[in-house]
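As the structure lists them, so they are numbered: ligands from 1, and atoms in each ligand from 1. Since we're looking at a predicted model, the values are computed, not measured.
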Amino acid sequence: MTVKLHFFVAFLTFSTYYLTEVYSLVEFTNVQCESVDKDYTLFPYCYLKSVNRSYKYVSVKAKLLQLPVAKAKVRLALYKRLNGYKPFLYDMTIDACRFLKYPKSNPVALYFYNCFKEYSNLNHTCPFEHDIVLDKMSYHSINNKLTKVLPFPEGNYMFEMHWMAYDINRAITKFYFSLS
Ligand SMILES: *[C@@H]1O[C@H](CO)[C@@H](O)[C@H](O)[C@H]1NC(C)=O
Ligand SMILES: *[C@@H]1O[C@H](CO)[C@@H](O)[C@H](O)[C@H]1NC(C)=O
């Protein structure tokens, strides 16, 4: 009986997730970039553009003023809006150089990275000897990736990244999106 009940609960959970997955839609609502250390990073641009109702994209350029960067960490944290943004599921700091060398070593980071990778020149390991660009990242590709792998509940989210070089926080980027 207990086993049956557990099975039923598991089945219900699965169906709910499955439906969430099928009907979710990701939409960017805002993007913000902040240079914490202006001698280290500047953002010539950081914006969300709405081309029309179904096509929006995010473009960001981070100018690195002290090259090369051979030691970098990124703190990834996801927030969900309730009364203000509250931590949700993920908050981790990763060694970016090691991760870019061995992406499979961190499946969760890899999953977030895959959303950005194809739009970015952050596609090789350290050192970094150039500016970092995210070019016209649209949510169409993310729609599939995000909802297929990790079905989240509907709502408003913020994905915050703290960029650290040589263990000092240099910049913060925040991506806001809604799931419906
Ligand atoms: C929105 O803009 C994109 C890019 O210019 C275009 O391919 C698409 O057809 C447009 N969609 C609508 C509904 O106008
Ligand atoms: C990385 O991205 C840049 C710019 O989009 C591209 O020119 C380059 O070929 C890419 N390198 C790799 C290893 O994918």
*Do any non-hydrogen protein atoms sit less than 4.0 Å from atom 14 (O) of ligand 1?*
yes
*Ser54 neighbourhood, listing ligand 1 atoms whose heavy-atom distance to it stays under 4.0 Å*: 11 (N), 13 (C)
*Please state which protein non-hydrogen atom is closest to atom 5 (O) of ligand 1 and give its distance, to 0.1 Å?*
Val51 CG1, 4.0 Å
_Could you tell me if the side chain of Asp91 sits less than 4.5 Å from the side chain of Arg75, heavy atoms only?_
yes
*What's the shortest distance from atom 4 (C) of ligand 1 to any protein heavy atom, and which residue and atom give it?*
Tyr55 CD2, 3.6 Å
_Is atom 2 (O) of ligand 1 touching the protein, meaning some protein heavy atom lies under 4.0 Å away?_
yes
*Kindly assign one of parallel, tilted or perpendicular to the pair Phe128 and His130, based on the angle between their ring planes and the thresholds 30° and 60°.*
perpendicular
*asked:* With respect to Asn52, determine whether any N or O atom, backbone or side chain, lies less than 3.5 Å from an N or O atom of ligand 1.
replied: yes
*Answer yes or no: is there a side-chain heavy-atom contact under 4.5 Å between Asn169 and Trp163?*
no
*Could you tell me whether Lys136 sits above the aromatic face of Tyr57, with NZ or CZ closer than 6.0 angstrom to the six-membered ring centre and within 45 degrees of the axis?*
yes
*asked:* So Tyr157 and Arg81, do their side chains get closer than 4.5 Å, heavy atoms only?
replied: no
